[in-house]
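Written below as structure tokens is the structure these notes are about.
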Amino acid sequence: MEKTARLIIDGKTYELQVVEGSEGERAIDISSLRKETGLITLDPGYANTGCCKSSITFMDGEKGILRYRGIPVEQLAEKATFKETAYLLIHGKLPNTKELKRYSMLLNDHSLVHEDMKAFYTKFPRASHPMGILSAMVNALRSFYPELNNQTEEEEIMITMTRLMAKIRTMAAMSYKISRGHKVIYPRPDLSYCENFLNMMFDTPVMPYKINSLEVNALRVFWILHADHEQNCSTSSVRMVGSARVNLYAAISAGIAALWGPLHGGANQAVIEMLTMIHDSGGGYKKAIEKAKDKNDPFRLMGFGHRVYKTYDPRAKIMKKMCDGLLESLHISDPLLDIAKELENQARKDPYFIDHNLYPNVDFYAGIVLRAIGIPTNMFTVMFAIGRLPGWIAQWKESIYDPNWKISRPRQIYTGPVKRDYVAITERG
Ligand code: SDX
């Protein structure tokens with residue numbers, strides 16, 4: 001395979017280095033392009049542009065492969081805990097017994113939220129979207145946990161990463177409880193990471209929450225499947241904001257904001273709203289498919305399509321399989337699952353979806369799982385954010401320790417008015 005690429009501009013030939021990753025992906029290194037040629041590249045949406053080298057997550061969009069630090073997501077979903085998966089992503093290896101015990105202890109010790117933060121939550125209008133609250137409150141953590149002078153940068157980074165992993169569940173459950181005017185439930189040292197979240201969400205003084213192992217397992221798998229996904233929109237936002245050397249809380253807050261978008265993590269809520277609309281209109285999924293195909297209609301089939309996967313999203317496969325087992329074991333029948341399956345069935349037979357390589361993505365069945373667990377629809381993307389947090393942290397950590405690290409600052413091609421003079425107001429038309 002060629003180690004260089006040749007570019008001919010205005011009759012002059014330039015040689016650019018071709019770099020190759022550990023899985024054989026290749027890229028043309030254009031870091032000296034402007035200096036050598038005076039030209040830049042243009043790639044709206046960065047569909048053809050790599051922002052970094054990374055050793056965290058490998059995806060193959062054509063083959064539907066997803067691996068965290070080399071381990072297939074299917075194996076992690078079957079065998080790992082979410083805590084182990086978070087440790088794997090952040091530290092690059094699965095923890096041994098001693099490391100896992102220490103990590104569990106740290107996550108427990110830092111799982112409380114400063115009591116003064118409650119005042120913030122109570123002042124948000126009741127109908128505030130939980131993603132807006134979470135982004136704001138994560139950013140506020142720096143005010144409550146400022147950098148300490150007696151800590152090295154390494155210690156500050158380590159404690160901040162652990163604090164975020166420990167507190168994000170408590171913060172999410174708090175916004176739910178306070179939005180309903182209910183008593184805030186505190187994390188408990190005797191519960192696992194996933195059990196604690198469900199208990200903080202659903203326990204009440206008059207009706208103690210009974211830990212349901214099926215729901216806990218579904219949440220474990222859900223969070224593992226969402227834990228990282230290389231340079232997606234929200235992760236790229238965390239890297240971009242983090243590149244200015246701002247604190248991790250602010251960078252993660254930016255990632256939460258990006259994930260909120262309906263084209264990104266907000267799609268899991270949009271899928272359920274779409275399926276409900278189809279259900280309430282008598283199950284007319286055919287109309288939804290026709291609208292999705294209509295170029296003049298902005299409607300998209302939510303939960304379908306992906307920038308990287310041009311085949312079935314491996315996470316959607318696991319999520320779909322989990323739906324059947326979970327609903328059956330919980331003795332729940334959800335009409336939206338039947339509509340989702342029929343919608344998928346019809347779409348995947350339609351030439352438009354086949355020609356555009358549009359398959360279900362992680363969000364298509366995610367909402368069915370969350371509904372079965374009892375998570376309210378407006379909290380679906382918060383659930384995605386909690387799952388993605390270890391991935392954001394791992395990617396941020398990799399970027400700040402990258403020896404080639406610099407502030408991210410893309411260029412542009414200007415297409416506005418050429419030079420012209422200021423015109424006094426009295427002479428303007
Ligand atoms: C996530 O990047 C990640 O890894 C993200 C994520 C992660 O884990 O971080 O996987 C999580 O965000 C999953 C995606 C959730 N979003 C949705 O489900 C929203 C619906 N999907 C689409 O909006 C779209 O597929 C995107 C946003 C996911 C991807 O968009 P692209 O890659 O920019 O593709 P595009 O918009 O350029 O579409 C290419 C073509 C277009 O048709 P043409 O103009 O070429 O004829 O495919 C069509 C689009 O109109 N198309 C769809 C469609 N998705 C793409 N048509 C109908 N319904 C859809 N869902």
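What you see is a predicted model; the values in this text were computed from it and never measured.
- When ring centroids are compared, Tyr103 and Tyr193 stay outside the 6.0 Å threshold.
- Rounding to the nearest 0.5 angstrom, the gap separating the CE atom in Met201 from the CE atom in Met383 is 6.5 Å.
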Discussion item. Before you tell me yes or no, could you show the steps for Arg239 and Glu398 under salt bridge (Lys or Arg N to Asp or Glu O under 4.0 Å), namely the whole-Å CA-CA distance, both residues' side-chain angles and the distance that decides it to 0.1 Å?
Written reply: CA-CA 9 Å; Arg239 279 181 174 261; Glu398 182 177 71; 2.7 Å; yes
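- Under the 3.5 Å distance criterion, with hydrogens and angles disregarded, no donor-acceptor pair is assigned to the side chains of Gln395 and Glu230.
- A 6.0 Å sphere centred on CZ of Arg102 holds no more than 12 heavy atoms belonging to other residues, nucleotides or ligands.
- The aromatic rings of Tyr145 and His114 stand perpendicular to each other, their planes meeting at an angle above 60°, with 30° marking the opposite boundary.
- Phe353 pairs by the ring pair (Phe, Tyr, Trp, His ring centres under 6.0 Å) definition with Phe304, not counting sequence neighbours.
- Heavy-atom neighbours of Ile28 CD1 from other residues, nucleotides or ligands within 6.0 Å: at or below the threshold of 12.
- Crowding of Phe120 atom CZ: a count of heavy atoms from other residues, nucleotides or ligands under 6.0 Å not exceeding 12.
- Of all non-hydrogen atoms in Val241 and Ala254, the two that sit nearest each other are CG2-CB, 3.5 Å.
- Checked by atom type and distance alone, the side chain of Tyr414 pairs as donor or acceptor with a backbone atom of Pro417 at under 3.5 Å.
- Counting all heavy atoms, side chain and backbone alike, Val369 lies closest to Cys323 at CG2-SG, 3.7 Å.
- When all heavy atoms of Trp396 and Leu248 are compared, the pair lying nearest together is CD2-CD1, 3.4 Å.
- Contact detail for Met302 and Phe364: the closest heavy-atom pair is O-CD1, 3.6 Å.
- How far OG of Ser54 is from CD of Gln231: 5.5 Å, rounded to the nearest 0.5 Å.
- At a cut-off of 3.5 Å, with distance as the only test, no side-chain donor of Gln151 or Glu147 sits close to an acceptor on the other residue.
- Between Phe197 and Trp223, the gap from one ring centroid to the other is short of 6.0 Å.
- Aromatic rings from His264 and His229 are positioned such that their centres are separated by 6.0 Å or more.
- Between Tyr176 and Phe202, the two ring planes are perpendicular [angle over 60°; tilted spans 30° to 60°].
- Under the 3.5 Å distance criterion, with hydrogens and angles disregarded, a donor-acceptor pair is assigned to the side chains of Thr160 and Glu156.
- In summary, Glu195 and Arg188 do not engage in a salt bridge, as defined by a charged side-chain N under 4.0 Å from a carboxylate O.
- Environment of CG in Asn150: crowded, with over 12 heavy atoms of neighbouring residues, nucleotides or ligands closer than 6.0 Å.
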